[in-house]
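Worksheet: one structure, shown below.
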Amino acid sequence: MAKFTIDAEKRYFSFDKDHEPVERVKPGDQITFNTVDCFSCQIKEPKDLVTDIDFDQVNPGTGPIYVEGAEIGDVLVVRVDDIQVVDFGLGVTYGVGYLKGNSELRTKVIDIDNKRNVAKFNDLEIRLNKMIGVIGVAPKEDPIGCGRIGDHGGNMDSKRIVAGSTVYFPVNVPGGLLQIGDIHGAMGDGELNGAGLECSGSATVTVDVIKNFHLDRPVVETEDFWYTIAARESYEEALTLAMKDMQRLMRGPYGWDDTDIDIYISLQGNVEINQGADLSAMPISLRVGIPKIEGKDLIK
Ligand code: CA
Ligand code: ZN
């Protein structure tokens, strides 16, 4: 097992099969992606508003990493070993979310105490929930901006993508071309005003490849749940895809017919919103989760 560290300067603003890989690694290797915050550090003080920055520099993804042996039709396995953030993050408004009519444009520079795992918000302390906002692989066809979400991953903004989680991606191009960025120190489900606690930091992951396993979209495995993730323009479209992905993945390990799977998902499954702050500004990203059961791994 080899270890690699990727400098935050090595970043792109899109997922693209034509991006030159910054490193070639093998299954089992561990990579630390250093990342800048989603604003590429253009915001430093309260007077710097999101609405004033250069939006061409928003949401970069460090990388890409070429994983040897990852071929089209395989699954790229990304186990998140660790996430670190610097000692401050940004909380912002920028005219997104359904409270925008009641809010001013504001930047809050929020101190983080990593030793105690908390961020200071006015008179309160918020427990950190360090997560990766942007993580994905190159799409088969045209490039996709890192701020967007799709079947390749991207700006999924799931608070379940934390240390200890594993993210599975369909490999669309040789090597997969993994990029990571947009680390949040904390965020609630839905990312309700379109921003988390935006932090520079790093994510350390271990990659692996599963040969010839069909996935259409990303899947996340946490300590106790399996999630299918889908993002579309409407809740209905996204939920349909995530439900059908879950049903398909359950057929093998559970050995039930589709109707029993349907009934079981309704009894034990949840739908949760990764990001759905403002459907006029961005598509909805959601996840459908079922509890992990020993001997019934959805992907292995
Ligand atoms: Ca994000
Ligand atoms: Zn972010």
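Just so you know, these numbers come straight off a predicted model, no measurement behind them. Both counts, for ligands and for their atoms, begin at 1 and track the order of listing.
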Is Lys211 atom NZ crowded by more than 12 heavy atoms from other residues, nucleotides or ligands, each under 6.0 Å away?
->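 Atom NZ in Lys211 is packed in, count exceeds 12.
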Over 12 foreign heavy atoms within 6.0 Å of NZ, Lys296 =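 Correct, the count exceeds 12.
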Just wondering, is there an N, O or S atom on Asn155 that's nearer than 3.0 Å to the Ca ion (ligand 1)?
-> yes
Flag Asp157 as yes if one of its N/O/S atoms falls below 3.0 Å of the Ca ion (ligand 1), otherwise no.
->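 Yes.
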Under 2.8 Å from the Zn ion (ligand 2), can any N, O or S atom of [X] be found?
X      : value
Glu198 : yes
His184 : yes
Asp37  : no

Between Glu68 and Lys26, does a salt bridge (charged side-chain N to carboxylate O under 4.0 Å, His left out) hold up when you go through it step by step?
-> CA-CA 5 Å; Glu68 308 271 3; Lys26 293 192 167 60; 5.2 Å; no
So which of the N, O or S atoms of Asp182 lies nearest the Zn ion (ligand 2)?
->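 Relative to the Zn ion (ligand 2), the closest nitrogen, oxygen or sulfur of Asp182 carries the name OD1.
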Considering just N/O/S atoms, say which atom of Asp182 is closest to the Ca ion (ligand 1).
-> OD2
Does the pair Asp258/Arg251 count as a salt bridge with the N-to-O cut at 4.0 Å?
->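 Counted as a salt bridge, because a side-chain N and a carboxylate O are separated by less than 4.0 Å.
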Could you tell me whether the side chain of Tyr227 reaches within less than 4.5 Å of the side chain of Val288, counting heavy atoms only?
-> no
Treat each ILVMFWY residue as a node, draw an edge where side-chain heavy atoms are under 4.5 Å apart, and state whether Trp256 and Ile299 are in one component.
-> yes
